[in-house]
Structures are given as structure tokens and as C-alpha cells.
Peer 1: 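Sharing a structure below in C-alpha cells format, with a few things to ask.
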2 protein chains.
Amino acid sequence: MATIRDVAKLADVSVSTVSLALSNPARVSQKTLEKIRHAVAAVGFVADPLAQSLARGRSRMIGFVVGNVGNPFFGDIRRELENYALDHSHFVLVTDSSGKTVRERAMVEHLIGLKTAGLALAPSGHDQDYLDFIGGLNVPIVCFDQKVAGIERDFVGSDNHLAGAMLTEHLLQLGHRRIAFITGPSHMHTATERYRGFTDTMANAGVEVNPNFVVDGQFTRTAGYEAAMRLLIQPERPTAILGANNTVALSALQAMQELGFRCPEDISLAMIDNVQWSSVITPRITMVVQDTLALGGIIARRLLHRITNPQGAVEPPQDFVLTPKFVPGNSCRRI
Amino acid sequence: MATIRDVAKLADVSVSTVSLALSNPARVSQKTLEKIRHAVAAVGFVADPLAQSLARGRSRMIGFVVGNVGNPFFGDIRRELENYALDHSHFVLVTDSSGKTVRERAMVEHLIGLKTAGLALAPSGHDQDYLDFIGGLNVPIVCFDQKVAGIERDFVGSDNHLAGAMLTEHLLQLGHRRIAFITGPSHMHTATERYRGFTDTMANAGVEVNPNFVVDGQFTRTAGYEAAMRLLIQPERPTAILGANNTVALSALQAMQELGFRCPEDISLAMIDNVQWSSVITPRITMVVQDTLALGGIIARRLLHRITNPQGAVEPPQDFVLTPKFVPGNSCRRI
DNA sequence: TGATTAAATCGAACCGGTTCGATCAAACTG
DNA sequence: CAGTTTGATCGAACCGGTTCGATTTAATCA
């Protein structure tokens with residue numbers, strides 16, 4: 001591999017001039033610029049990104065940290081960010097914490113060690129120690145999906161309260177009263193907000209929520225399945241189930257199918273967040289989806305704005321909250 | 001951030017001794033080792049991975065390059081690799097080429113620039129220039145999924161010919177003769193092998209393949225949908241459709257549903273590779289699945305073996321081919 | 001006990017860039 | 001035309017580690 005010194009020697013200028021010419025051509029005379037360009041081409045010089053990062057104290061890499069890259073929600077956002085970053089000569093490193101807080105922190109630390117230019121982070125951790133850690137980082141960070149109280153950073157997400165409310169209202173309109181709710185982890189903002197949307201709407205409608213109809217699905221497949229089963233074996237069953245996310249809702253659908261309940265004839269089902277191949281799942285689930293493309297776009301632009309305008313570090317963090325969209329399916333029947 | 005020089009100063013030894021103590025404690029006396037340990041703890045020293053990589057010419061990162069991290073097939077493998085790597089103090093950088101050859105190459109180049117310790121690569125590119133590029137890299141590489149002629153590297157994958165043959169035989173056993181096949185890109189080994197498995201089995205059974213029943217789905221959703229539509233609008237329709245991968249098969253299912261065909265009553269369907277939530281898709285598709293956990297485990301072990309035994313670079317590349325598994329569903333009916 | 005060898009430690013060069021103050025010639029000011 | 005700017009270039013220090021040959025210290029042997 002050719003180094004900058006090879007170029008300097010061939011162009012008969014100093015190393016510092018080559019470096020300057022490459023990073024700020026305007027400050028070098030036309031003549032030497034030409035010489036250097038030729039030399040670069042002749043030896044096939046490509047700057048070592050590692051050495052650059054070490055010297056500059058910053059790399060051109062962006063860290064992307066989520067709990068599950070396989071989730072199409074995160075996948076769409078990742079793609080948007082990647083495209084935008086690539087167009088601005090940045091490179092996205094994807095890491096997956098599997099939803100584990102310790103691992104998430106380890107990955108963030110790793111990325112920071114790599115002197116990443118910025119971080120797009122869907123936080124799952126919540127203890128004070130972690131918050132302080134994130135807050136103390138001197139790197140542009142855009143948080144998304146989970147709004148965490150205590151993290152003073154840009155945030156991009158959806159109106160989760162509204163998402164829960166929309167589906168609840170829909171079920172109420174169809175005449176449902178015995179509506180069950182499968183929640184997510186109580187430390188997750190999306191989970192609590194969606195649940196609040198549910199309870200608020202029920203209260204507004206003057207319908208009491210049966211405490212047995214609220215079960216914890218942890219946003220995971222196994223917990224969601226178990227929670228759904230608990231709902232389904234009750235003597236007085238709900239007429240509709242509202243899943244706080246795609247995973248728990250589909251786990252519920254599976255449980256229903258296995259027990260021989262038909263959807264929507266026996267029990268209606270609705271969920272928040274889309275899933276791959278939802279169009280071929282029978283019945284098509286009525287859902288509220290987030291505008292992942294828009295979210296990804298905002299995250300990307302905001303993050304790169306912060307990265308390329310370091311002086312604007314004083315710019316106060318801002319929240320971007322998008323309105324989710326209702327997508328009717330045929331999993332909810334009128335009763 | 002504390003540097004190694006801070007440690008050296010505090011421990012009253014030279015920088016080189018600190019470095020040695022950290023990388024090879026056995027070669028340092030007990031006494032100084034203690035002093036250094038204390039100093040490290042006192043100043044909170046953590047080695048800068050960038051500086052280490054630059055000096056060593058190698059980092060402790062592993063590059064993972066696939067066409068679609070959202071695909072659960074790759075997701076499972078990624079998880080296995082990640083777990084194993086983490087246990088061996090390596091860190092996985094995930095990159096997604098979106099199936100684009102140019103981007104794939106750019107990502108590999110980027111990872112090489114980062115002096116990654118090794119690469120797990122599901123290659124999609126195929127031009128000679130790219131092959132030479134891969135072949136010329138002086139880094140441990142384990143290829144998987146796609147066996148590419150011309151890449152002399154370890155390879156981990158499944159018996160794709162058998163996968164195609166298994167499903168074809170199953171359909172033949174059920175009495176089907178008018179079997180359609182939705183292929184993948186002809187430059188992909190998995191696609192051609194699965195197709196060969198189909199045609200060979202058909203030939204062995206003495207059943208002629210109707211050329212109109214072989215359509216190209218490109219392994220993508222849009223092309224798969226279009227291909228399926230082409231099959232379904234023919235006056236003489238197939239009685240069964242075999243999708244060369246999950247994407248094209250489910251696209252076919254969607255097309256069937258939209259045109260009002262029932263599966264399996266009107267047309268049977270089978271596919272290669274699982275998909276998330278296949279258990280709630282109606283009907284449950286009969287499929288042949290790869291043992292993703294085993295594949296991931298082999299990839300991980302092989303790659304880390306190569307990384308930690310650099311002297312064994314002479315060890316010739318080896319192929320690991322696993323047998324896929326038949327998973328019956330209810331999407332294929334006897335006729 | 002002096003010579004030989006092994007173990008522990010050190011100094012300096014190096015990895016491949018960036019950055020900033022110094023230098024010097026050319027251009028501008030009054 | 002002396003004095004000051006301005007622009008181009010350079011040298012050296014630096015980022016934060018690693019590595020290897022040299023040197024010092026300790027242990028072994030005759």
C-alpha cells in the first residue's frame with residue numbers, strides 16, 4: 001500500500017503539503033496540486049482511514065444500534081440512513097444488541113472507541129448509570145423509537161399514545177367492549193405510551209378495562225405467546241385483542257390458531273407496527289404503522305447535520321414526532 | 001482519556017513495558033506487573049482500539065457482509081457469529097449491500113481499510129474483476145450461502161440441489177406433474193443448484209418440464225410477484241408452484257390470493273428457506289429449510305480458527321455443506 | 001568467583017496520517 | 001523603496017499504541 005510519503009516523494013513536496021492538498025485543495029497552488037494529483041494516481045494512493053481517524057480523532061463512520069436488525073421497522077430505517085450516509089461519504093456500522101442492555105452499552109462503547117462520527121441509537125437501557133454514560137458522550141447522537149426521559153438528545157419517533165388510541169377507538173366503534181391489551185416492557189416508552197393510549201381511550205368512552213385483560217408480552221415472541229394463552233384460557237374471554245407491537249400480536253394470532261379460535265369470527269385482533277409479509281397473513285391484520293421511511297430520513301438528515309456542523313453543538317436537542325397511519329385489515333369484526 | 005504514557009509515568013516504567021505487560025503478562029516480572037495493574041486501574045486506562053489497529057496492522061473486528069440483514073436466514077447466522085465472536089473478544093460489524101454488487105465491493109473495501117481481522121461474506125458479485133479482488137485479499141475470509149466458482153476460500157452452505165430435489169419429489173409423490181418453478185438470478189449458485197435439483201428430479205421421474213412453467217423471480221419481491229402473475233394468467237395453469245426461495249414463493253402466494261386462487265385447493269405451493277412468522281401464514285407453506293444455527297456456528301468457528309491461527313494460512317480452503325431439512329406444511333395437496 | 005546465559009526492561013523507530021507554527025517569496029501599502 | 005500582508009510550503013510534533021534490537025539485571029554454570 002502506498003503511503004502519503006510515497007506521494008510526497010514522487011511529487012517532490014512535503015508530506016504536509018500533500019495532506020493539505022487532499023483535504024483542502026483550495027489552499028494549494030495550481031501547479032503543486034497538479035503534481036500531487038499525478039503522484040497520487042501514479043502510486044495509487046488511498047488514505048488509510050484508520051490513520052486518519054487516529055490523527056483527526058474522528059472517523060467517517062456512523063454507528064447504528066438497535067435491538068433487532070431483523071425487525072423490518074429497524075430495517076427500513078437502517079436502509080434510509082445507509083443511503084443518505086453513503087451519499088455524504090459516511091459509512092454505517094450496524095450493531096444488534098438483541099435487546100440486552102449490557103450488550104447495547106458494550107456496543108456503544110465499542111463504537112465510541114472507534115471514534116465514530118455519530119450514533120443513531122434506539123435505546124433500550126434505562127438505568128441511571130447508562131443514561132449518564134450516554135449523556136456524557138461528546139458525539140452527535142440521534143435517538144429514535146424509544147424516547148427515554150433523562151437523555152437530552154435529538155429524538156425521532158412516532159406518536160405512540162395516538163397509535164394505541166387509534167386502534168382502541170376503532171375496536172370501540174366496532175362495538176367491542178371486552179378489549180384485551182398485550183403490553184410491552186414497562187421500561188419502554190413506546191410500550192407505556194401505547195398502553196396509555198389504550199386506557200385513556202377506554203376511559204373516555206366510559207368503558208372499564210378488565211384487569212385480567214391486560215397481560216405482559218415483553219415485546220417478545222415467547223412472552224407474547226404466553227400472555228396470549230393466558231388471555232385465551234380465561235372463562236370470560238375478550239372479544240378483541242390489541243397487541244402493543246407486531247411480535248406480541250402475531251404471537252397471539254398463533255396462539256389463537258393453535259387453540260382453534262378463528263380470527264376475526266371468534267376474536268378480533270389489531271396491532272401496532274407492520275411486519276414483513278403481512279399481506280399474506282390470513283387474516284390481514286388491522287394495524288397502525290409508523291412511517292419508517294420518513295423516520296429514517298429525519299434521523300439521517302438530523303444526524304449528518306449534527307456531524308457536519310460541529311459548531312452547532314449548542315443547538316438544543318429537538319423532538320420529531322410523526323403521526324402513525326391506520327391501515328385497515330380484516331382481522332376486526334363488528335359485534 | 002488516559003494513554004499508555006500516563007500509565008507508564010505513574011507506574012514508573014517505560015511505555016514499552018506497559019505495552020508488553022498488557023499484551024503478554026507472562027514476560028513481565030510479578031512486581032512490575034502489579035505496579036502496572038495498579039496504575040492502569042488508577043488512571044482508568046483503556047487501550048485505544050484505533051491506535052492498536054494502526055500499529056498492529058490488524059483490528060479485532062470481523063466484517064459481516066450480506067445482501068439483506070433483514071432476511072431471517074442471514075439474521076440467524078449473524079446472531080450465531082456475533083455470539084461466538086463476542087466470546088472470543090471480537091466484534092462484528094454488519095454491513096448490508098442490498099444485493100448490489102458495487103455496494104458489496106465498496107463495503108468489503110471499507111472493511112479491509114478498517115483492517116478487519118476477518119470477513120464472513122455471502123457474495124453476490126460475480127465478475128472476474130471482483131473475484132480477483134476477493135482472491136487477492138490477504139485476510140481470513142469465510143464465504144457462505146453462495147458458492148462462487150473462482151473464489152478459493154472456505155465455504156459454508158447447504159446442499160441446494162438436494163433442497164430443490166426434495167420439494168420436487170414431494171410434489172411428484174402427491175401426483176403433481178404440471179409443476180412450475182420460480183427461479184432466482186442465474187448468476188447465483190443457490191438459484192441454479194435449486195433449479196438443477198428440480199429439473200434433475202423431474203427428468204428422473206420422466207416428467208417433462210413445460211418451459212412456460214419456468215419463470216424468473218430474481219429472488220426479489222417485485223420480480224417474484226410478476227413471475228407468479230405470468231404463471232397464473234396462462235390458460236393451462238400449473239397445479240403446483242415451487243419457489244426457489246422464500247421471497248418469490250410468498251410473492252406467488254400473494255399473487256394467488258389476489259387473483260382468487262386458493263392454496264392448496266387450486267394450486268399447491270412449496271418453497272425453500274423459512275421466513276419469519278411462517279407459522280401464522282395460511283396455509284403453512286411446505287418448505288425445505290437450512291440449519292441456520294449450524295451454518296452460523298460453522299462459519300463462526302472456521303473464521304475465528306483462521307484468525308487465531310494465522311500460520312495456518314496455508315491450510316487449504318474447505319467446503320462445509322449441510323443437509324437441509326424438509327418441513328411439511330399444508331400448502332401442497334394430493335391430486 | 002568470573003564467565004555465560006537468561007530474564008526483565010528500555011529507547012527509539014514505526015504505523016500513516018494531521019495540524020500548526022515557522023519560513024520565505026511574492027504582492028500590496030503608503 | 002522600506003514595511004507590511006498575503007499565500008504557499010515546510011518541518012516537526014502529535015495521535016496512541018506496537019515492536020524489536022540494545023542494555024541492564026539476575027540467575028546459572030564451570
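In this text, all values refer to a predicted model and were calculated from it rather than measured experimentally. Convention: sequence-line order gives letters A, B, ...; per-chain numbering from 1.
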Peer 1: Measure the distance from CG on A:Leu33 to C1' on D:dT9 and round it to the nearest whole Å.
Peer 2: 13 Å
Peer 1: Can you label the angle between the B:Tyr130 ring and the B:Phe133 ring as parallel, tilted or perpendicular, going by 30° and 60°?
Peer 2: tilted
Peer 1: Quick one: is C:dC15 close enough that its OP1 or OP2 comes under 4.0 Å of any side-chain N or O from B:Ser53?
Peer 2: no
Peer 1: Look at the side-chain N and O atoms of A:Thr17 and state whether any lies under 4.0 Å from the OP1 or OP2 oxygen of D:dC10.
Peer 2: yes
Peer 1: Do A:Arg60's NZ or CZ and the ring of A:Phe91 fall within the cation-pi criteria of under 6.0 Å and 45°?
Peer 2: no
Peer 1: Could A:Arg302 and A:Phe320 be counted as a cation-pi pair, given that NZ or CZ must be under 6.0 Å from the ring centre and within 45° of the axis?
Peer 2: no
Peer 1: Would you mind reading off the distance between A:Lys9 atom NZ and D:dC10 atom C1', rounded to a whole angstrom?
Peer 2: 16 Å
Peer 1: Grab the CG-C1' distance between B:Asn24 and C:dA7 for me, whole Å please.
Peer 2: 13 Å
Peer 1: Atom CG in B:Leu295, atom CG in B:Asp145: separation rounded to 0.5 Å?
Peer 2: 8.5 Å
Peer 1: Give the ring-plane orientation class for A:Phe64 versus A:Phe144, where under 30° counts as parallel, over 60° as perpendicular and anything between as tilted.
Peer 2: parallel
Peer 1: Atom pairs, N/O to N/O, protein against nucleotides 16-18 of chain C, distance under 3.5 Å?
Peer 2:
unit_1 : atom_1 : unit_2  : atom_2 : d
C:dG16 : N7     : A:Arg5  : NH2    : 3.2
C:dG17 : OP1    : A:Asp48 : N      : 3.4
C:dG17 : OP2    : A:Ile4  : N      : 2.7
C:dG17 : N7     : A:Arg5  : NH2    : 2.6
C:dG17 : O6     : A:Arg5  : NH2    : 3.2
C:dT18 : OP1    : A:Gln52 : NE2    : 3.1
C:dT18 : OP1    : A:Arg56 : NH2    : 3.2
C:dT18 : OP2    : A:Ser19 : OG     : 2.5

Peer 1: Please figure out whether A:Arg27 or B:Ala26 has its closest DNA chain C nucleotide nearer the 5' end.
Peer 2: B:Ala26
Peer 1: Would you call B:Lys9-B:Asp6 a salt bridge at under 4.0 Å N-O?
Peer 2: no
Peer 1: For B:Thr32, which contact category applies under a 4.0 Å heavy-atom criterion: base, sugar-phosphate, or nothing?
Peer 2: sugar-phosphate
